[in-house]
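Here the structure comes first, spelled out in structure tokens, and everything after it is commentary.
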2 protein chains.
Amino acid sequence: METSSSRYLADRLRAIGVPVTLQRLEIARVMLSRPVHLSAEQLLAKVRDTVPETSRATVYNTLRLFREKNLVKELIVDPERVVYDSNVEPHYHLYDVDTGELTDVAAEELHVVGVPSLPAHVELEQVDVIIRVRGKRV
Amino acid sequence: METSSSRYLADRLRAIGVPVTLQRLEIARVMLSRPVHLSAEQLLAKVRDTVPETSRATVYNTLRLFREKNLVKELIVDPERVVYDSNVEPHYHLYDVDTGELTDVAAEELHVVGVPSLPAHVELEQVDVIIRVRGKRV
DNA sequence: CTAACTGCAAACCCTTTGCAGTCCG
DNA sequence: CGGACTGCAAAGGGTTTGCAGTTAG
């Protein structure tokens, strides 16, 4: 499947009511063609490689839009920056605190047992699991 | 046990090689007398209630020091701010994304099954579980 | 023609830092 | 005395916003 073609991506955006622009198409190409973990700044750099007429504001605006449309998920693993994940299916993460590298852990591999019953007035939104690892100390 | 007396806290700081000052003692009283979740700014406000001659820089310096000494743990649940947790024992969290309220979930209640085997060059630092909830939509 | 999108730059918030003054051992 | 701690204010980095110009339907 040609998931990375402009045609496919443009249709996908239109299908969810997102007007297609050059910048959004390119942001979609970088973020949505395959599972990636990118910060806003990293995304901006990649998008500017091919579409230099892209501003920081547009990247942030588009990320917010994509998040609202459930095309990407925010990962909060580091106080320094937010990371955007193009895998919106339930899954977990392994995070190397030294390198910043993020790896997906499939929901089939890992299970959270014993989630407490919730107060009546709240509902579950999502369960985050972050397995923090670091390079071995010698 | 008088865990909140100045005497006890001062001794506790000295025991781990932290020179005792008025500000540190007060920060310790607010943070360490009982399990709390506080942001730096919230902590500053509480400390200034009793010791107004406390600067923001001192709060941040002291939080870093306390973290290095394993008196508090950083919680990364919200991109807006870091929350400090005076419960340094392994445990998990329930987070209300609407109110910002954080609740501890004891390690005995909840288990993470299936943590993947780690690459040889890294070691496990910690497993974070954040159960995100929100007020029920009507 | 109107509404929506974009770019730029400045504003904003949280956190850290430089520096001078102060205190404790 | 010397090293460490403190306060102030300014710097720093990531994110958001105001506004004017442009584009698409």
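As the structure is a prediction and not an experimental result, all values here were calculated from the model.
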For this session: Give the intermediate values and the outcome of side chain to side chain contact (heavy atoms under 4.5 Å, CB included) for residues A:Asn87 and A:Lys73.
Result: CA-CA 7 Å; A:Asn87 180 357; A:Lys73 215 157 46 164; over 6 Å; no
Exercise. For nucleotides 9-18 of chain D, read 5' to 3', which letter fits each nucleotide if B means a protein heavy atom sits under 4.0 Å from the base, S means only the sugar-phosphate is that close, and - means neither?
Worked result: -----SBBB-
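Between A:Phe66 atom CZ and C:dC5 atom P there is a gap of 12 Å when expressed in whole angstrom units. Separating the CG atom of B:Asp78 from the P atom of C:dC13 is a distance of 15 Å, rounded to the nearest angstrom.
The 12-atom threshold is not exceeded at CD of A:Glu101, counting heavy atoms of other residues, nucleotides or ligands nearer than 6.0 Å.
Applying the side chain to side chain donor-acceptor pair (under 3.5 Å) test to A:Tyr95 and every residue at least two apart in sequence or in another chain returns A:Asp78. Under the rule for a ring pair (Phe, Tyr, Trp, His ring centres under 6.0 Å), the partners of A:His37 that lie at least two apart in sequence or sit in another chain are A:His93.
Pairs engaging residues 56-66 of chain B under the salt bridge (charged side-chain N to carboxylate O under 4.0 Å, His left out) rule: B:Glu41-B:Arg56 [sequence neighbours left out]. Screening residues 11-23 of chain B for salt bridge (charged side-chain N to carboxylate O under 4.0 Å, His left out) gives B:Arg7-B:Asp11, B:Asp11-B:Arg14 as the qualifying pairs, with residues at least two apart or on separate chains.
Applying a 4.0 Å cut-off to non-hydrogen atoms, the residues of residues 12-25 of chain A that approach DNA chain C are A:Pro19, A:Thr21, A:Gln23, A:Arg24, listed by residue number.
Between the side chains of B:Gln23 and B:Thr58, no donor-acceptor pair of N or O atoms lies under 3.5 Å.
Expressed to the nearest 0.5 Å, how far CG of A:Leu22 lies from CD1 of A:Ile27 amounts to 9.5 Å.
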